[in-house]
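Below, chain A is the first sequence line, B the second, and so on; all start at residue 1.
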Amino acid sequence: MSDGFGKGCHLHLIDGSAFIFRAYHALPPLTRKSDGLPVGAVAGFCNMLWKYVTDERGSDAPTHAAVIFDHSSKTFRNDIYNAYKANRPEPPEDLRPQFPLTRDATRAFNIACIETQGYEADDIIAALSCKARDAGGAVTIISSDKDLMQLVGDGVQMLDPIKGKPIDRDEVFEKFGVWPDRVVDVQALAGDAVDNVPGAPGIGIKTAAQLITEYGDLETLLARAGEIKQPKRRQTLIDHAEQIRISKRLVELDCNTPLDFTLDSLEVKAPDAAQLLGFLSEMEFRTLTVRVAEKLGAKAPPVVSAPVRDAPAVPDLPPIDRAAYETITDGAGLDRWIQMIRDAGQMAIDTETTGLDEMQADLAGICLAVAPGRACYIPVGHVAGGDDLFGQSAPVAGQLPLADVLAALKPLLEDPAILKIGQNLKYDWKMLARHGIHMAPLADTMLMSYALNAGTHNHGMDELAERYLGHKCIAIKELIGSGKSQINFAQVPIDKAAPYAAEDADVTLRLFQHFAPLLPVERVTTVYETTECPIVPVLAEMEMAGIRIDAEVLRRMSGAFAQKMAALEDEIYALAGQKFTIGSPKQLGEILFDKMGMTGGKTGKTGAFSTSADVLEDLAAEGHDLPARILDWRQISKLKSTYTDALPTFVNPDTGRVHTSYSIAGAQTGRLASTDPNLQNIPVRTEEGRRIREAFIAAEGHRLVSLDYSQIELRILAHVADIPALKQAFREGIDIHAMTASQMFGVPVEGMDPMIRRRAKAINFGVIYGISSFGLSRNLRIPRAEAQDFIDTYFQRFPEIRAYMDRTIADAKSDGSVRTLFGRRINTPGINQSGPAAGGARRAAINAPIQGAAADIIRRAMIRMPAAIAHLPARMLLQVHDELVFEVREDAVDDLITVARAVMENAAEPAVKLSVPLVVDAGTGMNWAEAH
DNA sequence: ACGCTCACG
DNA sequence: GACGTACGTGAGCGTA
């Protein structure tokens, strides 16, 4: 062949079997809708291949590629050692039929698909690597299997497909303690429980590496085993020499595995659109089919029936056609649309504005849609491109006046018989509220997706459109650019803006039609109707109210902090013996650990030293001064940059107040999140930090009132896990942590050692988070075994908690989701993973119903609050997860506390009758520090 | 853009 | 038998 494999070529070898198992464990057990064929692993496999194929690699792109599979479980290694891989469990029932399908998938992607009877994939990969390397080419093995690491080096590298991280000689050395050419020796000694490679009993990787390093290689070691000093180790090696040699043959990969094809035949070919799409649609992978079709510029074949959860069959809709949208520039056109909306009884609406801060942005236009494909754009604020000499831009001619448009739409927008459909309607609600329009009733596609899909994916419109409509929206960047040259939406020419804007309304309407029927099917209608939608106007009003800030106080604090930091910096440089960037963990780590030789481990990921407060506190406790000063500096620096410096920049010049924005669908559990600025993490735990709250002040003649739920998550735990001891303690109003300590350690509550109570408190919190002995030991700085003892005692004393945890995990596994008391669903797609990720998914699943129920309760309180306090000169300003902050005229403080407390304490009812009381603590003052 | 660190519940 | 671990967030900084 003229262009045969050789120098300059790059061969990619994909470990297909590993892909399959990873896909199987990462995904819920999907089945093909039409016949129930299990296809979850195939789906994951295809997604991974597609991601691999579309990955941009530039000059590193492969010229040749193959996916290699294990042919069967019996290989030549079983002739060497018949127990080889004997304790491997059989593959799960529903995975087996998927093996041949993954081969079909590989061929459909037009990638060479290789397997050989009697050999493992690893052997074929080894043979191909050797052959390609000898021909002068480069090889990348896409796998993280440690058994393949012996092949690394000399033009052969590995690539971890999950982390996307190359594995080179250094990584291999880190793992095995020897270079790749001696890896088999170490493996032969250490053995492998998973593959049932015996090795030498009692010798692990560490010892093996040490021995090999000392003696050079395995044969030398075995020959000179008699010289080993440690008697036990010496005897082991002598007694098991044969077993070790067999082990080596088991782990050693053979470059001479027969291959019945040439390297040239592995040349990379573009996928054949028809073949690939045919396969994907036959598997009924709707989303992927659409995505692939789009990328290949082909028409997606119809997918007859779609996978269940992800994408139910979409009714026949006209395709999205941006040319079909109208631009409304005259009164007659507007009237016609108003009539259409009245006839339809619903409208999708989206406002286009000059910025993202809805407190300050101006309206550029409004888009409406009444049916899929029927959408319009009403420009009202577009201006000519460039600014004139005075920084003013001239309005573009031919637009309807803003006031006229709003006057015409107001009756519709406030008509209780017309449903307003939007994506993130809080934004549009606030824009319109500034013009005196109070939209109702509302339907929000973002919140529908949140009710259905929390935990599965995010809920931005572009993502939803791609996922559920198979449509890629115009990116806003294409219109307004990005970075320094970014313009605002009003400066976009109307003919460019209209298709983008109208498309948003069209897409929103289509998403609404997609989601609306799913809410009852998935039993999330109640959550959506009672805790998602009604919170929109409540939050909008809170955000518009804002909170008053004393910027002068903050500025003074900044000045004081700056002085303190300067002094600390001098001290730090002196202690370190040099100047450096204190804020750089990298430089700090080098100084502490390399230069000054303090002891502290590296972290896994980047290999950098950890300099977190945890580590520095330990060092400080050992008597080092530098880490202690660094901790001081960090604390001040944080307070200054994040709070005292930043907060004044958020003061709105028109209102003189700070207006945060709450994201309703941001957190997976139902909690809100606060941004721009985040007012949910204002310091409180240290005295110095707490003083920042003094700058949050009430308006003239007013007070701030803070009401917060006491121990709400533990109370919920007591209720849902049905723990009699805990419930009774809450009913009797006794100190819950002291009670726990008393039960665990058998000491009386009276006169308890605070240390013991602290431990019980840590365990109580640990339970909510899905406790582990490791976490508890770190938190309490006690040995792991001791932490484990505490946990054992705790579970013994409160067995209901263990039962609750097991139940929750089982639910998550069988349903793919967990629910709160109020029916909120949080999906748990990672729960069936294996490996380290599984632990995290399990803890998240345990925590979600508890944190989520607390979030539901305070949401319910917030929704009822405006009506409950309407008769009082008071308004709700902030929410901090279990706390509500109000601004009240000073003569109405007591009334407000009485009313608001009642609303909060009864918020679970009537939906849920809790078996423990909810208790709300109140505080009041001129500022937030006093009130909290 | 990403990781580290740290503020909150 | 090892893995890496408390749950949920957002912001500022340094580094790439």
Side-chain angles (χ1 to χ4, degrees), chain A residues 87 146 175 190-195 204-205 454-455 580-589 603-616 630-631 634-643 645-647 650 660-663 666-686 688-690 692-693 708-709 711-713 762-780 784 787 791 826 834-852 854-855 858 878-883 932:
Chain A
N87 50 11
K146 61 180 179 356
K175 186 157 180 68
D192 184 336
V194 178
D195 291 347
I205 287 190
F580 66 102
T581 310
I582 304 172
S584 160
K586 187 165 172 276
Q587 293 182 29
L588 175 62
T603 56
K605 267 190 191 166
T606 54
F609 292 112
S610 170
T611 66
S612 64
D614 253 11
V615 174
L616 298 188
I630 299 282
L631 284 167
R634 282 220 184 126
Q635 199 203 351
I636 308 292
S637 161
K638 175 81 175 179
L639 294 177
K640 182 170 187 293
S641 66
T642 308
Y643 301 104
D645 285 352
L647 280 172
F650 283 98
T660 184
S661 178
Y662 290 100
S663 47
Q668 321 216 342
T669 53
R671 273 197 180 177
L672 302 175
S674 161
T675 64
D676 309 303
N678 181 355
L679 295 186
Q680 290 180 322
N681 72 344
I682 304 301
V684 70
R685 290 174 187 172
T686 65
E688 207 141 39
R690 190 156 46 234
I692 289 172
R693 295 191 173 215
D708 69 287
Y709 285 106
Q711 311 279 16
I712 188 166
E713 292 192 353
I763 298 177
N764 276 332
F765 277 106
V767 166
I768 293 174
Y769 298 147
I771 200 160
S772 74
S773 60
F774 180 90
L776 186 65
S777 75
R778 240 178 42 156
N779 188 299
L780 287 176
R784 218 173 134 171
I791 294 171
I826 296 118
S834 55
R842 285 178 56 239
R843 291 192 295 270
I846 289 169
N847 175 257
I850 301 170
Q851 190 182 114
I858 197 165
L878 302 176
Q879 189 249 41
V880 193
H881 309 309
D882 64 358
E883 173 189 10
H932 184 78

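- To the nearest whole angstrom, the two P atoms, one in C:dC3 and one in B:dA7, are 31 Å apart.
- Paired with A:Leu588 under the rule side-chain contact (heavy atoms from CB on, under 4.5 Å), one option of A:Ile630, A:Thr581, A:Ile582 passes, and it is A:Ile630.
- Straight-line distance from the OH atom of A:Tyr709 to the P atom of B:dG9: 16 Å, rounded to whole Å.
- When rounded to the nearest whole Å, the span between CZ of A:Phe774 and C1' of C:dA2 equals 13 Å.
- Among the heavy atoms of the strands lying under 4.0 Å from A:Leu776 is at least one base atom, whether or not backbone atoms are also near.
- Between A:Leu672 atom CG and B:dG9 atom P the separation is 15 Å, expressed in whole Å.
- Residue A:Arg685 places at least one side-chain N or O under 4.0 Å from the OP1 or OP2 atom of B:dG9.
- In this structure, of C:dG4, C:dG10, C:dG8, it is C:dG8 that holds the atom nearest to the side chain of A:Thr669.
- One can place CG of A:Leu679 at 14 Å from C1' of C:dT9, the figure rounded to the nearest angstrom.
- No contact: A:Arg690 has no heavy atom under 4.0 Å from any strand.
- In the set C:dG4, C:dG10, B:dG9, C:dG4 carries the atom at the smallest distance from any side-chain atom of A:Arg784.
- Of the candidates C:dT9, B:dA7, C:dT5, B:dA7 carries the atom nearest the A:Pro683 side chain, counting heavy atoms from C-beta on.
- Nearest to the side chain of A:Asn678, among B:dG9, C:dA6, C:dA11, sits C:dA11.
- As judged by a 4.0 angstrom heavy-atom cut-off over every strand, A:Phe765 is placed among residues making no nucleic acid contact.
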What's touching nucleotides 12-16 of chain C from the protein side, N or O pairs under 3.5 Å?
| unit_1 | atom_1 | unit_2 | atom_2 | d |
| --- | --- | --- | --- | --- |
| C:dG14 | O3' | A:Ser584 | OG | 3.3 |
| C:dT15 | OP1 | A:Ser584 | OG | 2.6 |
| C:dT15 | OP1 | A:Gln587 | NE2 | 3.3 |

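- As judged by a 4.0 angstrom heavy-atom cut-off over every strand, A:Ser773 is placed among residues making no nucleic acid contact.
- Of the charged side-chain nitrogens involved, at least one lies within less than 4.0 Å of a carboxylate oxygen, so that A:Glu713 and A:Arg671 count as a salt-bridged pair.
- Atom-to-atom, CD of A:Glu713 to P of B:dC8 comes out at 16 Å; the value is rounded to the nearest Å.
- Across all strands, A:Ala854 comes closer than 4.0 Å to no nucleic acid atom at all (heavy-atom distances).
- Put simply, A:Arg634 has a side-chain N or O that comes within less than 4.0 Å of OP1 or OP2 on B:dC6.
- Here A:Arg671 does not reach the OP1 or OP2 of C:dG8: none of its side-chain N or O atoms lies under 4.0 Å away.
- Counting heavy atoms from C-beta outward, A:Arg784 and A:Arg778 have side chains that stay 4.5 Å or more apart.
- Considering only heavy atoms from C-beta on, A:Thr611 comes within 4.5 Å of A:Arg634 through its side chain.
- Taking only distance into account, the side chain of A:Arg778 never meets the base of C:dG4 through a donor-acceptor pair shorter than 3.5 Å.
- For A:Asn681, the listed nucleotide lying nearest its side chain is B:dC8; candidates were B:dC6, B:dC8, B:dG9.
- Rounded to whole Å, the distance from CG on A:Asp676 to C1' on C:dA11 is 10 Å.
- Paired regions of DNA chain C, where each region holds three or more successive Watson-Crick or G-U pairs whose two hydrogen-bonding distances fall under 3.5 Å, are B:1-9 with C:7-15.
- When heavy atoms are screened at a 4.0 angstrom cut-off, A:Asp882 is found touching the sugar-phosphate backbone but no base atom.
- Counting any heavy atom pair closer than 4.0 Å across all strands shown, A:Ala838 reaches no nucleic acid atom.
- Counting any heavy atom pair closer than 4.0 Å across all strands shown, A:Ile768 reaches no nucleic acid atom.
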